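Predicted, not measured: the structure shown is a model, and the values here were computed from it.
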Number of protein chains: 2
Amino acid sequence: MRTMTLQAPSGACKIALGESIGNLKGYCGGADKIVAITDSNVRRLHGEKLGGMESIAMEPGEAHKTLETAEAIYARLLELEADRSSFIVGVGGGIVCDVAGFVASTYMRGVRFGFVPTTLLAQVDASVGGKNGINFRGYKNIIGTIRQPEFCICDFSLLGTLPKEELRNGFAEAVKTAAIGDASLFSFLEGNWDSAFALQRAAIEKVVHDSLQVKMRIVSADEGEKGQRMKLNFGHTIGHAIEKAAGIPHGEAISIGMVAAANLSRKKAGLDAKEAQGLEKLLKEIGLPTHLGAKKAEVLEAIRKDKKRYGAKIRMILLERIGSARMADVGLGEMEGVVNDMC
Amino acid sequence: MRTMTLQAPSGACKIALGESIGNLKGYCGGADKIVAITDSNVRRLHGEKLGGMESIAMEPGEAHKTLETAEAIYARLLELEADRSSFIVGVGGGIVCDVAGFVASTYMRGVRFGFVPTTLLAQVDASVGGKNGINFRGYKNIIGTIRQPEFCICDFSLLGTLPKEELRNGFAEAVKTAAIGDASLFSFLEGNWDSAFALQRAAIEKVVHDSLQVKMRIVSADEGEKGQRMKLNFGHTIGHAIEKAAGIPHGEAISIGMVAAANLSRKKAGLDAKEAQGLEKLLKEIGLPTHLGAKKAEVLEAIRKDKKRYGAKIRMILLERIGSARMADVGLGEMEGVVNDMC
């Protein structure tokens, strides 16, 4: 077991890599009442590992990441007489962590909370960094706060039940993190993604550890996303729009978004053609899509509604080279060209 | 014009005493889009002072301090294309500030915001300190966050349109603040409350300034209400229960709650009988009620649902003497006696 601590203005988060979910209670600081927030899939697969802890299961899926779900959880917390001294644990993928983090940050003006991410995507990305969010009227993560969980337990044994498609989603975020901030992790992925994909312990631990190190470095310097934290959005501006317009999984959508952003980076940020091709090749090998067939108009409409839009410009993240990213404001007109090339 | 700055972990708040609402835009840091959140009463009385600023008016009153209202405001902000660079200003009483603060703290994971409190209660208390809150299924302020507004403009000229009853609500909070933290303000109120009540400039400015100084001292030391910030709840544990059970205005309810808590303070915290009587006398002179006729069972039920309950105990604030308060955990059984004496 390895631990790392993320220090940020809204709090500190202890990340326990290779810890077992069985030791969860020991992380909750002696709280009288611990309530797990999870979804019905995760409860079925891992519920018994919660050792009789009270749990609230939401319906799985992005469509349930809503204020209605948050309200149902608030109501259940009140029934359970959860109070300010209670502790909330989000046990699940990125959606569960988003909802649990939002509820914990707003119930009684904020109670203590931690996460046990059960997907690779949540382990390498979504559960760490303190952002939470709820969708509202078709806008993704438009309501939320930024607040650090007290801990994040990455139990690699939980990944064994994941479908391959879900595992690929996690690899998309690991590739993203390597591309913006760690060229050596990128090389490791090029040479060893298949060992990590097979969940060989040393390989998967390296992928999660190194990805989180990049993320921690960025978040601790810019928790509120005023500057460099936006780099973590590489592939996400177009990716979120694709996710919404085409209804495909997050990892697949940002895979396409990264390739589109890399092509724009060649024109606007001096990214070498070989490196752009290397990114596309790695994503393809992992089995992730790199182009979108259709839905041009819907993708553009979703980009227009992005919360990273400032007036007529969209803030995009471009690669200068593998391991180094920067921000650029791109006009909505130019974005149309990018979307055309992608489809 | 006098300014004071509240420094707290979640941010700094500049308080401008005697500033004019006409200078509001200058406080919004050059934001492209400023949106005022207000209520229909305030818009009717003071709307033209907003100088053509976009505004969203909620229905007035505690019954509308709900997630439904927050959702309607989120939807309107999206229609107005408010983004992360936009600025929200809450213009109204405590309810408007609570809702506006919550929306601003959760829309797009938090946008910049400030307040122009239009009631005395909001000027001396509700608009300062960073707490916001929404009622949910009969529980008061059960959903919310703690985040400082960037500014708070106390324009005394706005108080001229307040009904006497509403002005009395503000005096109840000023008396509370003096009772827990400023014996000299308490003496000033005993001798001069009528001048302040008549809105004579020097007197009202002293009441607001000195009340806010106590509040700022407490909030800057304990923003997250882990300890001494709870002192600001003097009169509020019972007061909130009365407000909910009897449906009377906040100030009247906490006036009764303060007298009940002072009587308990004589038994449990050594408060001198004369000082307890002095508190009751001042509240009566101002025209505030000091006893509740009925609704015993409803008040007790509401106390049981209080978010300051820890297991079988309620955290109460007791007075040691005028100007000094401390916390005490009081059993639910003992609270029954207090409620009996009060009715």
Salt bridge present between B/E225 and A/R84 (N-O < 4.0 angstrom):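 A salt bridge links B/E225 with A/R84.
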Side-chain touch A/Y139/B/L78, heavy atoms, less than 4.5 angstrom: yes
Heavy-atom distances under 4.5 Å only: say whether [X] touches chain B with side chain, backbone, both or neither.
| X | value |
| --- | --- |
| A/N132 | backbone |
| A/A70 | neither |
| A/S105 | backbone |
| A/I143 | both |

Rounded distance (nearest 0.5 Å) linking atom CD1 of B/I146 with atom OG1 of A/T106: 12.5 Å
Approximate separation, where rounding is to 0.5 Å, of B/F136 CZ and A/M108 CE: 11.5 Å
Minimum-distance pair of heavy atoms, taken over all atoms of B/R109 and A/T145: CD-O, 3.6 Å
Shortest non-hydrogen contact between A/A75 and B/R137, atoms and distance: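 Answer, listing the atom of A/A75 first, then B/R137: CB-NH1, 3.2 Å.
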Region of B/K33 that comes under 4.5 Å of a non-hydrogen atom in chain A: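 It is neither, since no heavy atom gets under 4.5 Å.
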